[in-house]
Amino acid sequence: VGAFSFVHLVAEENTGTIFAQKSINKKSIAPELSTEIKMHLGLSHVNVVNLYHVYSEEGYLHMIMDYAGDSLFSLRKSGRMAKVMSTEKV
């Protein structure tokens, strides 16, 4: 949970495929975000988390994207990663 957003794991009903759903409070959204979302929806690269779908409801914007796993998150819990360490992990 962040200051303006939170992330949940969600599963596609038919396949069980796991995705991350990032929900952002609409009050905290910068105008530039819509341009960034449009660009990200058309982007496909092995080193970039894919954004598959965006929808809006009840004061939140929801983004469905690849679930990248816990590896970087668990490293981040212990504090800030050194640039060299983060480069090696990616």
Identify every side-chain donor-acceptor pair in residues 16-25 under 3.5 Å, counting partners at least two apart or on other chains, and give the distances.
| residue | atom | partner | partner atom | Å |
| --- | --- | --- | --- | --- |
| T17 | OG1 | T15 | OG1 | 2.8 |
| Q21 | OE1 | Y55 | OH | 3.0 |
| Q21 | NE2 | S23 | OG | 3.4 |
| S23 | OG | H62 | ND1 | 2.6 |
| N25 | OD1 | K27 | N | 2.8 |

Which side-chain N or O atoms in residues 36-46 pair as donor and acceptor under 3.5 Å with protein atoms at least two apart or in another chain?
| residue | atom | partner | partner atom | Å |
| --- | --- | --- | --- | --- |
| H40 | NE2 | V49 | O | 2.7 |
| H45 | ND1 | N47 | N | 2.9 |

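- At most 12 non-hydrogen atoms from other residues, nucleotides or ligands lie less than 6.0 angstrom from CD of E58.
- Side-chain contact check for I64 versus L51: every heavy-atom pair is 4.5 Å or farther apart.
- No single ILVMFWY cluster, assembled from side-chain heavy atoms under 4.5 Å apart, contains both Y60 and M65.
- Linking ILVMFWY side-chain heavy atoms closer than 4.5 Å, directly or via other members, places V10 and Y52 in a single hydrophobic cluster.
- Under a 3.5 Å cut-off, the side chain of N50 and the backbone N or O of D66 do not form any donor-acceptor pair.
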